[in-house]
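Below is one structure, written out as structure tokens; the observations come after it.
Read the numbers this way: they start at 1 and go in the same order the structure lists the ligands and their atoms. The shown structure was predicted, so the numbers you read here are calculated from the model rather than taken from an experiment.
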Amino acid sequence: MGNAQAVEPKNTTVSDKVSMDELVALCKRRGFIFSASEIYGGINGFWDFGPLGVLLKNNLRDRWWNDMVIAPPIGPDGEPLQIMGVDSSIIQNPKAWVASGHVDTFNDPMVDCKLTKLRYRQDHLVAVVDERNGQIFAFYQEALEDKGTLKKLKKQAGTDELEKLKVIPFTAIPASDYGKVIGPDTDQKGTLTEPRKFNLMFKTYVGATATEDDIAYLRPETAQGIFLNYKNIVDNMRVRVPFGIAQVGKAFRNEVTPRNFIYRSREFEQMEMEWFCHPDEAKKWFEFWTDARKKWWEAVGVSPANLQLRPHDKDELSHYAKAGVGTVDVEYRFPFTAPGFGELEGIAHRCDFDLTQHEKHSGKKMEYFDDSVQPPRRFIPHVIEPAAGLTRGVLALLAEAYTADPSRPSQMYMKFKPSMAPVKAAVLPLLNKDGLPEIAQKLYYSMRTKFMTEYDAKGNIGKRYARHDEIGTPFCITIDTDTPKDQAVTIRFRDTMAQERVALDKIETFVQTALKE
Ligand code: GAP
């Protein structure tokens, strides 16, 4: 009964700031994110990014690419780091996934309910134990923050005093006690099966014959595409260890229970960088990247109060990180984890695991020859890997931006950092006459070549402001009946709603300067 805690009923199912229901509704209403195949009833674990969502996602992706590949950080010795980009195939030779360990070990433990046919991830369930009679109730951790679940629990346990029940990880329940367990979606005992391993890789067939010999996998991480190109890059690109290889792209995992909107989906995007260094320097680089990555999330607008670094416990470490200096997660306080945190990015010391495995399985030497020291040395580099979720990053930016404000017609606004905002500026002619559209269009044609600008001439101005508050446009520029006379426009600031008069020929530079902050 280690890690036991009392059940703490909460008044709401949401973080103090925004509920997931509100966020999901806004994402749909304003064109950020839709269910994939929505007209066919959707498909669990898959999402489509709409016009606003793709702009937001690309802004985050481009910022990462810029800060990793175009202008990587300055290293601890004051020299700029060398990081190169790749864009590898999603489907690789299936032997690569045997070598990486994914065919044998990329499994999640699942339990099935024999009655409801529902499937759960054993390590995501908690057991609520009634020590008076040994009765055990299984729930997803976050369900315990739900009023309805707590009501059901009180009824099933026959008590209002939930603090008497103990919550422990479900993995701590021995299979011999499963007979005492009431599953999350039943009232009956003993309906859950013992945990079974379920491989998360999506399989497909390459070629027309579709036999067992033609099986291939959709990549479950972008990282292996980097390791597979390590030799090409060392041999052809005149790099010296330490250096990095970066990649952004889709990854696919047949998650047992995708949930929490885009947080855990079956198709998602990662931004991964493998940093190859001498084994003796792994600790130094691990600390460097941990610090750099947390600061990066702050730089894209995530408040430090909602971020934390969490070192993995020894028993949580992946097979490749066991012998290393560790793994640290950068965690964000998502609405469904609040007041707790959920993983946004992992920084792992993968040792020489991947290169050694690929050397063994491919027969190709992965050693690096270093003649910059005397005597020259040969070694297989160790790897520090900052692996971030782009899709999860978008969710963090959305949750972070959502700001309730009852004083506005929209009741809220999206406080994106201006450089991350999908639309940077809106050009709004107050009237569709008196020469205002002509001035507005001229300004729009010029601004849209510099940054994402919308021309919005429909509806009353209050409604237009409200929509731009909802999509997080930091600057609204209104061309009014005074503009033809004074050659000035009104700029409205999203966060304060303050308005300022700025000369028409200065407004573009004004916005550009503000976007740099
Ligand atoms: N190469 C190491 C690796 O893939 P990971 O912790 O499994 O490590 C890295 O994944 C990041 O990818 C996570 O921190 C998370 O942001 C994102 N991620 C992982 N699984 C995901 C899923 N099912 N849906 C959305 N994002 C996911």
Side-chain angles (χ1 to χ4, degrees), residues 33 36 44-47 49 57 60-61 64 86 88 90 92 96-97 100-102 105-108 121 123-124 198-202 217-228 230 244-275 289-290 293-294 296-297 300 302 307-312 316-321 324 326-332 334 336-337 341-351 353-355 357 383-399:
I33 297 163
N44 197 8
F46 297 89
W47 298 92
F49 281 80
K57 176 158 71 72
L60 190 61
R61 177 200 67 187
W64 186 89
V86 292
S88 70
I90 282 172
Q92 300 281 354
W97 303 110
S100 68
H102 285 86
T105 60
F106 198 53
N107 302 311
D108 275 344
R121 239 180 93 170
D123 56 338
H124 285 175
F198 175 74
N199 193 287
L200 298 186
M201 281 196 294
F202 278 101
Y217 303 97
L218 303 194
R219 68 181 177 201
E221 60 172 16
T222 58
Q224 292 306 321
I226 293 178
F227 294 121
L228 295 173
Y230 158 84
I245 308 178
Q247 164 152 243
V248 179
K250 290 252 168 142
F252 302 82
R253 298 184 188 176
N254 199 1
E255 297 283 356
V256 175
T257 43
R259 63 210 164 114
N260 294 328
F261 197 26
I262 56 172
Y263 179 82
R264 187 175 306 285
S265 35
R266 289 178 165 145
E267 175 175 343
F268 56 96
E269 280 178 88
Q270 294 184 311
M271 309 185 287
E272 298 199 287
M273 196 275 290
E274 310 299 321
W275 180 253
W289 282 114
T290 302
R293 294 306 305 150
K294 179 164 182 283
W296 187 84
W297 284 108
V300 295
V302 182
L307 280 176
Q308 73 168 19
L309 290 174
R310 189 184 68 83
H312 279 207
E316 259 184 288
L317 289 172
S318 325
H319 54 287
Y320 51 73
T327 295
V328 166
D329 284 345
V330 182
E331 295 188 327
Y332 177 69
F334 287 98
F336 51 85
T337 57
F341 293 78
E343 178 184 342
L344 190 55
E345 169 162 357
I347 296 117
H349 176 200
R350 293 182 78 119
C351 306
F353 176 83
D354 304 270
L355 291 181
Q357 283 295 103
V383 167
I384 304 300
E385 174 194 69
L390 173 56
T391 316
R392 250 180 224 187
V394 169
L395 182 57
L397 292 194
L398 285 165

Specify the protein heavy atom at minimum distance from [atom]: its residue, its atom name, and the distance to 0.1 Å.
atom	result
atom 11 (C) of ligand 1	Ala387 O, 3.7 Å
atom 17 (C) of ligand 1	Gly389 CA, 3.8 Å
atom 24 (N) of ligand 1	Ser265 N, 3.0 Å
atom 25 (C) of ligand 1	Tyr263 O, 3.0 Å
atom 7 (O) of ligand 1	Arg253 NH1, 2.8 Å

Q | Nitrogen or oxygen of Thr391 less than 3.5 angstrom from that of ligand 1 | A | no

Q.
Counting only nitrogen or oxygen atoms and a 3.5 angstrom limit, does Pro220 reach ligand 1?
A.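 No.
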
Heavy-atom nearest neighbour of [atom] within options [options]:
atom	options	result
atom 10 (O) of ligand 1	Gln224, Glu345, Gln270, Arg392	Gln270
atom 22 (C) of ligand 1	Phe227, Phe268, Phe252	Phe268
atom 3 (C) of ligand 1	Glu267, Glu272, Glu343	Glu272

Q) Are the ring centres of Phe261 and Tyr263 closer than 6.0 Å? A)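 That pair fails the under 6.0 Å test.
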
Q.
Does the Lys NZ or Arg CZ of Arg61 fall within the cation-pi geometry relative to Trp64 - under 6.0 Å from the ring centre and within 45° of the axis?
A.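 Not satisfied by the 6.0 Å and 45° rule.
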
Is there side-chain contact between [X] and [Y], with at least one heavy-atom pair below 4.5 Å?
X	Y	value
Thr290	Leu309	yes
Gln224	Gln92	no
Lys294	Glu345	no
Glu385	Glu274	yes
Arg253	Phe106	yes

Q) Within the side chain of Asn199, is there an N or O that forms a donor-acceptor pair under 3.5 Å with the backbone of Met201? A) yes

Q.
Keeping Glu272 on the side-chain end and Thr222 on the backbone end, is there a donor-acceptor pair under 3.5 Å?
A.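 It does hold such a pair.
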
Q) Does even one non-hydrogen atom of Arg350 get within less than 4.0 Å of ligand 1? A) yes

Q: With heavy atoms only and a cut-off of under 4.0 Å, state how Leu344 meets ligand 1: side chain, backbone, both or neither.
A: backbone

**Q.** Proximity of Ala223 to ligand 1 by residue part, where a heavy atom lies under 4.0 Å
**A.** side chain

Q | Contact atoms of ligand 1, heavy-atom distance to Glu385 under 4.0 Å | A | 1 (N), 2 (C)

Q: Number the atoms of ligand 1 from 1 as they appear, then name those within less than 4.0 Å of a heavy atom of Glu255, with their elements.
A: 22 (C), 23 (N)

Q.
Parallel, tilted or perpendicular, judged at 30° and 60°: which one describes the rings of Phe336 and Phe334?
A.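 Rings of Phe336 and Phe334: parallel, under 30°.
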
